[in-house]
Amino acid sequence: MISQLFDLTGKTAIVTGCNTGLGQGMALSLAGAGCNIVAVNRRSAEETQQHVEAHGVEFLAVDADLTSTVPIDDILAQTEARFGGADILVNNAGTIRRADSLEFTEQDWDDVLDVNLKSLFFLAQGFARACIDKQRNGKIINIASMLSFQGGVRVPSYTASKSGVLGLTRLMANEWAAHGININAIAPGYMATNNTEALRNDPHRSQEILGRIPAGRWGSPEDLSGAAVFLASAASDYVNGHALAVDGGWLAR
Ligand code: NAP
């Protein structure tokens, strides 16, 4: 049955940054496909927990600030203790700083690169090591961006990080695909979340962006549901190193 290809019953996914926004949307869609959720957040994810548990699956909250790699061993240890390890890692937590490149500070550079790229890499490394040690297949979904393909404006550290995410997705696929680990990315377009609040509040930028989206609307967290379940499930077993744009057609323009 084709629906079995997308079934995640009995699987466990680590989802970073899922108290809100796209991470919350993906945690709920994976839970809806039968997957237990390990929610990695620096703030309470109570709302996500309620919605996840409503699907009849298990939820484990792990407190972690991913500006540092220090919590990574604990995330993996808690996942191991509760679920015997994870099958899926969604590297979603991310942050952004906006300022003209001529004024951009080193702090704004480090704040973004540390979460969006450094912690993403080392969490993936820890997850992959666990999969390989246990000879268990794995799925890694890295959250990229339109700025994995384009330059953007006033977001130098974000563009560097998301371009890096695409490169690392390909590198990880090259190194780990033979171990039964699929590494792919989802590249969301312009989605209505905290991340884009400043853009949506700026009438000029908002109109400029909306006018360029063929679908004629901002995306929502629910728009990532199908892509997340696809890349987390057996349906994508021969998909490696790919970046799946979910962008209402933005990149086609
Ligand atoms: P969001 O609502 O701001 O969510 C970002 C998530 O990452 C939140 O859960 C946030 O936690 C978490 N996070 C940030 N810094 C963290 C840290 N140091 N430690 C742990 N968690 C941290 O924005 P979003 O749009 O859903 O973003 C999710 C991902 O999609 C990000 O990687 C973003 O770059 C990417 N993305 C978004 C768009 C878009 O248009 N919205 C487009 C392309 C890519 P807090 O709530 O505690 O801050």
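All heavy atoms count here, side chains included; hydrogens, waters and symmetry mates do not. Atoms within a ligand are numbered from 1 in the order they appear, just like the ligands themselves.
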Worksheet item: Which ligand 1 atoms, with their elements, are less than 4.0 angstrom from a heavy-atom of Gly21?
Response: 2 (O), 26 (O)
Practice prompt. Nearest 0.5 Å please: distance from the CD1 atom of Ile37 over to the CE atom of Met26.
Written response: 10.5 Å
Practice prompt. Check whether the side chains of Asp7 and Thr9 place a donor and an acceptor atom closer than 3.5 Å, and report yes or no.
Written response: yes
Practice prompt. Can you pull out the closest protein heavy atom to atom 4 (O) of ligand 1? Residue, atom name and distance to 0.1 Å, please.
Written response: Thr20 CG2, 4.0 Å
Discussion item. If I apply the N/O under 3.5 Å rule, does Met146 come out as touching ligand 1?
Written reply: no
Worksheet item: Should the proximity of Ala192 to ligand 1, defined as any heavy atom under 4.0 Å, be assigned to the side chain, the backbone, both, or neither?
Response: neither
Worksheet item: Which atoms of ligand 1 sit under 4.0 Å from any heavy atom of Tyr190?
Response: 40 (O)
Discussion item. For atom 19 (N) of ligand 1, what is the closest protein heavy atom, and at what distance to 0.1 Å?
Written reply: Leu66 N, 2.8 Å
Fill in: N or O contact, Gly23 vs ligand 1, cut-off under 3.5 Å
no
Worksheet item: Are Leu199 and Arg98 close enough that some pair of their side-chain heavy atoms sits under 4.5 Å apart?
Response: yes
Practice prompt. Please report the C-alpha distance between Asp247 and Arg253 in whole Å, then the side-chain angles of each, then the deciding distance to 0.1 Å, and finally whether the salt bridge (Lys or Arg N to Asp or Glu O under 4.0 Å) criterion is met.
Written response: CA-CA 11 Å; Asp247 64 351; Arg253 282 297 275 269; over 6 Å; no
Practice prompt. Please say whether Lys162 places an N or O atom under 3.5 Å from an N or O atom belonging to ligand 1.
Written response: yes
Item to complete: May I ask you to identify, for Val115, whether its side chain, its backbone, both or neither come under 4.0 Å of ligand 1 on a heavy-atom basis?
Response: side chain
Worksheet item: Rounded to the nearest 0.5 Å, how far apart are CD1 of Ile96 and OH of Tyr158?
Response: 5.0 Å
Item to complete: State, without any angle test, whether Thr16 and Asn92 hold a side-chain donor-acceptor pair at a distance under 3.5 Å.
Response: no
Discussion item. Parallel, tilted or perpendicular, judged at 30° and 60°: which one describes the rings of Tyr190 and Trp218?
Written reply: perpendicular
Item to complete: Provide, to 0.1 Å, the distance between atom 23 (O) of ligand 1 and the closest protein heavy atom, together with that atom's residue and name.
Response: Asn195 CB, 3.3 Å
Discussion item. Evaluate Ser145 for polar contact with ligand 1, using N/O atom pairs at a separation under 3.5 Å.
Written reply: no
Practice prompt. Classify the side-chain pair Gln125/Trp176 by whether it contains a donor and acceptor separated by less than 3.5 Å.
Written response: no
Practice prompt. Could you check atom 21 (N) of ligand 1 against the protein and tell me its nearest heavy-atom contact, residue, atom and distance included?
Written response: Ala93 CB, 3.8 Å
Worksheet entry | Interatomic distance, Glu175 atom CD to Arg170 atom CZ [nearest 0.5 angstrom] | 15.0 Å
Practice prompt. Scan side-chain atoms only and decide if Thr105 and Gln107 contain a donor-acceptor pair under the 3.5 Å cut-off.
Written response: no
Fill in: With Ile181, the side chain to side chain contact (heavy atoms under 4.5 Å, CB included) member among Asn137, Leu89, Ile132, Asn240
Ile132
Discussion item. Taking 4.0 angstrom as the limit and counting only heavy atoms of Thr67, give me the atoms of ligand 1 inside it, by number and element.
Written reply: 18 (N)
Worksheet item: Closest non-hydrogen protein atom to atom 9 (O) of ligand 1, residue and atom name please, with distance?
Response: Asn19 OD1, 2.5 Å
Discussion item. Tell me the contacting part of Pro221 for ligand 1: side chain, backbone, both, or neither, using a 4.0 Å heavy-atom threshold, strictly below.
Written reply: neither
Item to complete: With heavy atoms of Tyr158 as the reference, note each atom of ligand 1 found under 4.0 Å away.
Response: 33 (C), 34 (O), 35 (C), 36 (N), 43 (C), 44 (C)
Fill in: Cluster link Ile140 to Phe122, ILVMFWY, side chain under 4.5 Å
yes
Worksheet, complete the sentence: One finds that the ligand 1 atoms under 4.0 Å from a non-hydrogen atom of Thr196 are 39 (C), 40 (O), 41 (N)
Discussion item. Given Gly94, Pro188, Ser220, identify the one with the heavy atom nearest to atom 14 (C) of ligand 1.
Written reply: Gly94
Worksheet item: What about Gly17: any of its N or O atoms under 3.5 Å from an N or O on ligand 1?
Response: yes
Discussion item. Less than 3.5 Å apart, any donor N or O on the side chain of Lys118 or Thr69 sitting next to an acceptor on the other?
Written reply: no
Item to complete: Let me see the working for Glu58 and Val52 under side chain to side chain contact (heavy atoms under 4.5 Å, CB included), right down to the final yes or no.
Response: CA-CA 8 Å; Glu58 291 188 50; Val52 163; over 6 Å; no
Worksheet item: So is Trp218 close enough to ligand 1, meaning a heavy atom under 4.0 angstrom away?
Response: no
Fill in: Atoms in ligand 1 with a heavy atom of Ala64 nearer than 4.0 Å
19 (N), 20 (C)
Worksheet item: For Asp65, is at least one N or O under 3.5 Å away from an N or O on ligand 1?
Response: yes
Fill in: N or O pair under 3.5 Å between Leu22 and ligand 1
yes
Worksheet item: For atom 42 (C) of ligand 1, which protein heavy atom lies nearest, and how many Å away is it?
Response: Gly189 O, 3.1 Å
Worksheet item: Could an N or O of ligand 1 be found under 3.5 Å from any N or O of Arg43, whether backbone or side chain?
Response: yes
Discussion item. Side chain or backbone, does Asn116 bring an N or O within less than 3.5 Å of an N or O on ligand 1?
Written reply: no
Response to the item:
Restricting to heavy atoms, the pick from Met26, Arg42, Arg200 nearest atom 15 (N) of ligand 1 would be Arg42
Worksheet item: Nearest to atom 25 (O) of ligand 1, what protein heavy atom do you find, and at what distance?
Response: Thr193 OG1, 2.5 Å
Discussion item. Please list, in number order, the atoms of ligand 1 under 4.0 Å from a heavy atom of Ile143.
Written reply: 29 (C), 30 (O), 35 (C)
Discussion item. Can you tell me which portion of Asn92 lies within the under-4.0 Å heavy-atom range of ligand 1? Options are side chain, backbone, both, or neither.
Written reply: both
Discussion item. Side chain to side chain contact (heavy atoms under 4.5 Å, CB included) for Val38 and Val15? Distances and angles first, verdict last.
Written reply: CA-CA 6 Å; Val38 178; Val15 186; over 6 Å; no
Discussion item. I need the nearest protein heavy-atom contact for atom 3 (O) of ligand 1: residue, atom name and distance, please.
Written reply: Asn194 CB, 3.6 Å
Discussion item. I'd like to check Asn91 versus Ile143 (side-chain heavy atoms, cut-off strictly below 4.5 Å). Are they in contact?
Written reply: no
Fill in: Verdict with supporting geometry, Asp87 and Arg136, salt bridge (Lys or Arg N to Asp or Glu O under 4.0 Å)
CA-CA 8 Å; Asp87 308 278; Arg136 161 182 195 157; 3.2 Å; yes
Worksheet item: Does any N or O atom in Ala144 lie less than 3.5 angstrom from one in ligand 1, N or O only?
Response: no
Discussion item. Can you tell me how far apart CG (Leu28) and OG (Ser225) are? Round to the nearest 0.5 Å.
Written reply: 8.0 Å
